[in-house]
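Data block below; observations after.
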Amino acid sequence: INAEYGVKVAGLGVIPGRDDLKAAFEPFGDVEYVDYGDEEVEGKVRFADPDAAQAALDAFAAGTREIFGKVPSLSLLDGDDELAYWTAIVASSDAKKARRGNAGGRRGGRRGRGGGKRRR
């Protein structure tokens, strides 16, 4: 996990969609993931490498570049923000696994090839 790859995005309000936000940041580099909820007013964008994250920060530093008609505020995801972000991701993953229980991954009888009657 590397903080240099994550950028916190604020000031956009509710956005049209994560795919649209991803497309807005792809000119700076490969976007791995966009974490921006449907009713959220800020979120995170994770890049594949730190150079892409820095390129996005540099491009928006002057405060004149717009996304969805608004000028966003970008900052590197670090310190307490980074810890809270990754803690929430792990907790969400653990909760999803707990809801699934022990039922996941089973395909039935006959060595995972499904059920059905056996021929004799």
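In terms of heavy-atom proximity, Y5 sits nearest to A48 at CE2-O, 3.0 Å. Among all heavy-atom pairs drawn from L76 and G6, the shortest one is CD1-O, 3.5 Å.
Not counting sequence neighbours, K44 has no partner by the salt bridge (charged side-chain N to carboxylate O under 4.0 Å, His left out) test.
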Which pairs would a plain distance check flag for residues 57-74, meaning a side-chain donor or acceptor within less than 3.5 Å of a matching protein atom at least two apart in sequence or in another chain?
residue, atom, partner, partner atom, Å
D58, OD1, Q54, NE2, 2.8
K70, NZ, L12, O, 3.1

Show which side-chain atoms of residues 16-36 pair as donor or acceptor with protein atoms under 3.5 Å away, not counting sequence neighbours.
residue, atom, partner, partner atom, Å
R18, NH1, Y36, O, 3.2
Y36, OH, G13, O, 2.7
Y36, OH, V41, O, 3.0

